[in-house]
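This report refers to the structure that appears directly beneath it.
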Amino acid sequence: MHTKVICLFLFLLVSFFNSNGQTAAVEKTVLFNEIALLQNLKILSSDLYEGRRTGTQGAIRAKKFIINEYSKLDVLPINKTYEQLFSFVNDKKQYKGINVLGLIKGTTLVNEYIVISAHYDHEGIKKGDIYNGADDNASGISALFAFAEFFKMYPPKHSVILAAFDGEELDLQGSKYFVEHPIVPLKDIKVNINLDMISRSDKNELFAVGTIRHNFLKEAVLEFQNSKTLKLLIGHDEGRWNDNWTFSSDHASFYRKNIPFLYFGVDDHEDYHKPTDDYENIHPEFYIEAVRSIITIFEKVDNSRF
């Protein structure tokens, strides 16, 4: 009698752990709210934000929106505030910019950081036309929120700074200021993962730039399995590429400080830097798959030894 009871208990115990393991595997496929991802992009690229040009009311509204989302998603301010204020001159005009910086504390490597960045500014209003910048770069900012959702379920080993940079369209001003006035020691920033234009591609192609200099980044990208919706390609850095993207976005500021980077982006499209870069022209399935793919690669980087 006792033997039967013990055997039944062991059977139920094994079944419990097996079912839990299967459940965890299924849950891991749900990385973030896909509807919210698209909705946040739609909001940030709406006319209300007036093209989010640095220093304008539209940019201030965007900044407030980002802070509100960070707060809702339990992203911490790095100091007492999410805001990093800076000023600069571009084309003889004085600007005041605001980086929005959030923190996710790592589970084991608390004092080592991965910076995931995207710029929230765009071209503003020109000759009465609003340049809404859906792909460039409301897509990157909305992806930051998806990362924050993911981290609530699956906390990272390294601490993560979610950096929404201002002034990218005005010569990378926000990221330049960030690395010149670091909130954490630069030596403790192990990698920058930069997202800029990731929501549309006629060829379903997303490029990963920056692997050429660091094997651990190349390995993380090469392990990725392409899907029907997305092909992840290495390129647009050195070698045969005529169009080198090493200095094309905020990752350049980290590169100049000898910090390894991965930049994810798509080829320029017909609406690039035009008032037609609207939500209606993104490719939702590609965008969702792009964000899922970048999160998958982040996990590999987070588990790497630097």
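If you read the sequence from its start, that first residue is 1, and numbering goes on from there.
- Within the 4.5 Å cutoff, side-chain heavy atoms of I294 are placed close to those of L195.
- Listed by first and then second residue, the ring pair (Phe, Tyr, Trp, His ring centres under 6.0 Å) pairs involving residues 93-134 are F88-Y95, H122-H273 (not counting sequence neighbours).
- A donor and an acceptor atom, one from each side chain of S45 and N132, are nowhere located under 3.5 Å apart.
- Under the rule for a ring pair (Phe, Tyr, Trp, His ring centres under 6.0 Å), Y279 has no partner lying at least two apart in sequence or in another chain.
- Take F247 and apply the ring pair (Phe, Tyr, Trp, His ring centres under 6.0 Å) test, not counting sequence neighbours, and it matches Y255.
- Contacts of E83 classified as side-chain contact (heavy atoms from CB on, under 4.5 Å), with partners at least two apart in sequence or in another chain: K63, I67, T81, L85, I98.
- Listed for the H214 side chain is no donor-acceptor partner under 3.5 Å among the backbone atoms of F216.
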Checklist entry - Between R53 and E50, is a salt bridge (charged side-chain N to carboxylate O under 4.0 Å, His left out) present by the stated rule, with each step listed? => result CA-CA 8 Å; R53 187 166 181 83; E50 300 176 337; over 6 Å; no
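- Closest of all the heavy-atom pairs between Y287 and A138 is OH-O, 4.3 Å.
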Next on the checklist: Working note: M153 + F32, criterion side chain to side chain contact (heavy atoms under 4.5 Å, CB included); need CA distance, chi angles, decisive distance, verdict.
Outcome noted: CA-CA 9 Å; M153 297 182 285; F32 54 88; 5.6 Å; no
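- Side-chain contact annotation: D188 with N111, donor-acceptor N/O pair under 3.5 Å absent.
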Checklist entry - Given the rule in the side-chain hydrogen bond (donor to acceptor under 3.5 Å, both in side chains) test, do H269 and D135 qualify, once you have shown the distances and angles that lead to the verdict? => result CA-CA 10 Å; H269 44 73; D135 189 39; 2.8 Å; yes
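- No side-chain donor-acceptor contact under 3.5 Å links S117 and D250.
- Under the side-chain contact (heavy atoms from CB on, under 4.5 Å) criterion, K72 pairs with N68, E69, not counting sequence neighbours.
- Looking at D237 and N244, their side chains never bring a donor and an acceptor atom within 3.5 Å of each other.
- H251 places no side-chain N or O within 3.5 Å of a backbone atom of I193 that could act as its donor or acceptor partner.
- At a threshold of 4.5 Å between non-hydrogen side-chain atoms, the residues D196 and E168 count as touching.
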Next on the checklist: Evaluate H236 against D267 for side-chain hydrogen bond (donor to acceptor under 3.5 Å, both in side chains), listing each step before the verdict.
Outcome noted: CA-CA 10 Å; H236 282 296; D267 277 317; 3.3 Å; yes
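- Taking every heavy atom of both residues into account, S304 and K300 meet most closely at OG-O, 2.8 Å.
- Every residue meeting the side chain to side chain donor-acceptor pair (under 3.5 Å) condition with Q84, not counting sequence neighbours, appears here in chain and number order: N99.
- In this structure, N194 contributes its side chain and S249 its backbone to no donor-acceptor pair below 3.5 Å.
- Aromatic ring orientation, H181 versus Y177: parallel (interplanar angle below 30°, classes split at 30° and 60°).
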